[in-house]
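Every chain is numbered from 1 and lettered A, B, ... according to where its sequence line falls, protein lines coming before strand lines.
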Amino acid sequence: MPRPLRSAYPAPHSAPLSLMSAERKTLEERAQMSDLERLRHSCAHIMATAILRIWPDAQFAYGPPVENGFYYDFDMKHRLTPDDFEKIEAEMKKIAKENQRFEKKVISREEAIALAKSGRLGGLSERPGNESRFKLDLIDKIPAGEEISCFQNGDFIDLCAGPHVGYTSKCKNVKLTSVSSSFYMGDESKGQLQRLYGTAFESKEELEAHFVRLEEAKKRDHRRLGKELKLFHIDEDVGQGLILWTPNGATLRQELQTFISEELRKQGYSQVFTPHIGKLALYKTSGHFPYYKDAQFPAIMEPDQLEQIAHEGCSCAEMTARIDACSAQFAAQMNERTGREMIGKERIMDAEKLLDGFLLKPMNCPHHIKIFASQPRSYRDLPVRLAEFGTVYRWEQSGELNGMTRVRGFTQDDAHLFCTEDQVAAEVLGCLSLVKVVLNTLGMSDYRVRVGLRDPDSGKYTGSPEQWDRAEAACREAAKTLGVPFSEEPGEAAFYGPKIDFVIKDVIGREWQLGTVQVDYQLPIRFDLSYTGADNKPHRPVMIHRAPFGSMERFTGVLIEHFAGHFPTWLAPEQVRILTISEKVDTFANEVFEQLKAAGLRVTLNNEADKIGAKIRLAQLDKVPYMLVLGEKEAAAQSVAVRHSKKGDLGVKPVAQFLEEITAEVKERRL
RNA sequence: GCCGAAGUAGCUCAGCGGUAGAGCAGCGCAUUCGUAAUGCGCGGGUCGCGGGUUCGAUUCCCGCCUUCGGCUCCA
């Protein structure tokens, strides 16, 4: 059960540098704040000061610096809207002008609690009846023996470990960016706070440059380019998070799939096809149902059964229970195989009461496992490498959906490798080299590798420690051969085995988790897989899940932004556009058009009555890599004037020469 | 799912109690032109959906849907 393909990528306001994670930052870690972070953190205090001057009842929680600025979480009666920004910013500028000093004071726990009780912490003055409730909680979380300090600027005193800039005058170049809601401690049950985001820089120029960068990022947003270049469409009537690949996008995807398929063939994979649905029992065996039920489309019931339960007047809750349940025999089998209570007594039900149905497949592994199990396997057959562009469906929360990068139906460039324990290391290596080929071909050289290991203190992992040691060593060794930086992260393994994730950085510095390779000891047990060894005895194979792209949807989304829509010729939906200067060259233009088409190029002809400047402009906007300008001069010389969308005018060449050059460029998948 | 914002022509957006407007795109005609916009003309909208208030609603109110920014989640 891979946990592939979709882990979060940082949004524009990415995770705060502290406090969101379960572990608190140590004082030493805090002291390492960069100058810019320090500045931004001070801005958060100034923002709080400004808010309090306008709304004195506000109660503050956290105000950390984040990747692109800072925020402060707080609760107050007034609901902020962007209309309030101007007022708050004006007050912040005033505070900067007042040039207040940031003063640190170390206080005792008792003093801290007393200040918080009086409403003084995170306030401009004592506020009877309005105690600093979040600060009280924060004080409570500070480990005994750790220094407790507060920072004061002007009248504002806040519980804070610092560090800060010296004076508020440093914080002039600041801008509020957005307001949203958040949960206290990221915990839904702890109530909702307002979160106000801002950004700040040392100089005015840097601040302005930041907003220019944001504009640039907007221009390469895959949702915008997807529309402009007609790559994909999402239609309300089809459903949220369901991608319709329009012809241009489909061409792009097809090229990517062809590319991957070629590499798979080289590496000894077999491609398979499997259906989009599978019986519930399959997912009970794999363990994904009902464990991940909330993230799946509901089961599809068989018509006869549906009619019967309707006839019986079965309640919804009852029906759900009957769908979720397993027979005693099934439970006993599974619990024995896995050596633990995988299926508890509460899920066991009489066989005749059980309801079966189908599930839109949330992952491809069970189907591939069944292909592996469909015939007896010998150690001589291993490794068996089954690959499929398999479409899966997951019920993502509506608020999570985002263009192509977070969707409800997506196609994984999935594969499952079944091998012997001894082969794991070599197979992991093979998977990594495939990912590397893919990323290199696409010019994504800026990536890091994350090796997820088990947390030795946690009991959630299955399998023997010896197995884990071997698998982790294999992953570590494999990662070393990549020649790129990698980090080992204990506790980041899936419960069934260690994994290696590729986190790529796009041109504007955002990180995306795409490809993944995961070693799995668990599913072979659950499905009771075996092969015959050289000793003529049954052995348990090891499974490797891997997906170099992650999903076609997400990868394409990232690729659109990576190239800002300017795809390399081999990927470009339209590779060449012929532009005629006048009707007089129509015949020649048609000849060239037919010639390029016959060579397998994706070429179009614009022989409308427009001026050449207008035709070039349109082709540029459509980001067509090659424009061939044809006039009477070219027709006479059987040549083409080549213009490249990024490199500009490349001069006049004989048709045959252009054809040869572009064919080679496409064949070699040049960037 | 939660908080907030937004949905007007294919796209980008204006209008905001008296049943709609621009630019681009599209279509037609003229122009035959040398590296990012030739001119003129025409068509196109149950103003996201459903209710309510009103003599009258795109405009005000309520509900829903979708999108966006966050939160939470991601086998």
On a whole-Å scale, what distance lies between the [atom1] atoms belonging to [N] and [M]?
| N | M | atom1 | answer |
| --- | --- | --- | --- |
| B/U35 | B/G69 | P | 41 Å |
| B/U53 | B/G44 | C1' | 33 Å |
| B/G70 | B/A20 | P | 38 Å |
| B/G50 | B/C65 | P | 15 Å |
| B/C24 | B/A14 | C1' | 15 Å |
| B/G21 | B/G15 | P | 15 Å |
| B/A22 | B/G45 | P | 14 Å |
| B/U46 | B/U58 | P | 13 Å |

Phosphate OP1/OP2 of [N] contacted by [X] side-chain N/O (<4.0 Å):
| X | N | answer |
| --- | --- | --- |
| A/Q194 | B/G4 | no |
| A/S180 | B/C71 | no |
| A/N607 | B/U32 | no |
| A/Q397 | B/C73 | no |
| A/R406 | B/C68 | no |
| A/R195 | B/C3 | no |

Handout entry: Complement of B/A36, any strand, by Watson-Crick or G-U distances under 3.5 angstrom
Key = none
Practice task
Report the base-pairing partner of B/U66 (Watson-Crick or G-U wobble, both distances below 3.5 angstrom), or none.
Solution key: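 Its partner is B/A6.
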What nucleic acid atoms does [X] come within less than 4.0 Å of, heavy atoms only: base, sugar-phosphate, or nothing?
| X | answer |
| --- | --- |
| A/I612 | sugar-phosphate |
| A/K615 | nothing |
| A/E608 | nothing |
| A/G631 | base |
| A/Q240 | sugar-phosphate |
| A/D610 | base |
| A/A619 | nothing |
| A/E236 | sugar-phosphate |
| A/A609 | base |

Problem - Residues A/R224 and A/E228 bridged, charged N to O under 4.0 Å - result: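 Judged by the 4.0 Å cut-off on N to carboxylate O distance, A/R224 and A/E228 do form a salt bridge.
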Interatomic distance where [atom1] belongs to [X] and [atom2] belongs to [N] [whole Å]:
| X | N | atom1 | atom2 | result |
| --- | --- | --- | --- | --- |
| A/R617 | B/A36 | CZ | P | 11 Å |
| A/N606 | B/A36 | CG | C1' | 14 Å |
| A/K230 | B/G10 | NZ | C1' | 8 Å |

Handout entry: Distance-only donor-acceptor test (3.5 Å): side chain A/R224, base B/C11
Key =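 Not at all, since no donor on one side and acceptor on the other fall under 3.5 Å apart.
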Practice task
Calculate, to the nearest 0.5 Å, the distance between atoms OG1 and CG belonging to A/T338 and A/D528 respectively.
Solution key: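 One gets 11.0 Å once the value is rounded to the nearest 0.5 Å.
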Report the nucleotide, chosen from [options], that has the shortest atom-to-atom distance to any side-chain atom of [X].
| X | options | value |
| --- | --- | --- |
| A/S398 | B/C11, B/G1, B/G69 | B/G1 |
| A/E400 | B/U66, B/U72, B/U35 | B/U72 |
| A/E583 | B/A36, B/U32, B/G34 | B/U32 |
| A/S182 | B/A37, B/C68, B/C71 | B/C71 |

Problem - salt bridge (Lys or Arg N to Asp or Glu O under 4.0 Å) involving A/E583 - partner list, sequence neighbours excluded - result: none
Problem - Shortest non-hydrogen contact from A/G403 toward A/R223 - result: CA-CG, 3.8 Å
Exercise for the section: Please check if the side chain of A/R220 supplies one atom and the backbone of A/E561 the other of a donor-acceptor pair under 3.5 Å. Expected result: yes
Exercise for the section: Begin with the C-alpha distance, continue with both residues' side-chain angles, and end with the deciding distance and a verdict on side-chain hydrogen bond (donor to acceptor under 3.5 Å, both in side chains) for A/S551 and A/Q412. Expected result: CA-CA 4 Å; A/S551 82; A/Q412 302 176 317; over 6 Å; no
Practice task
Decide if the gap between the ring center of A/Y72 and the ring center of A/Y62 is smaller than 6.0 angstrom.
Solution key: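 Not close enough - the centres of the two rings lie 6.0 Å or further apart.
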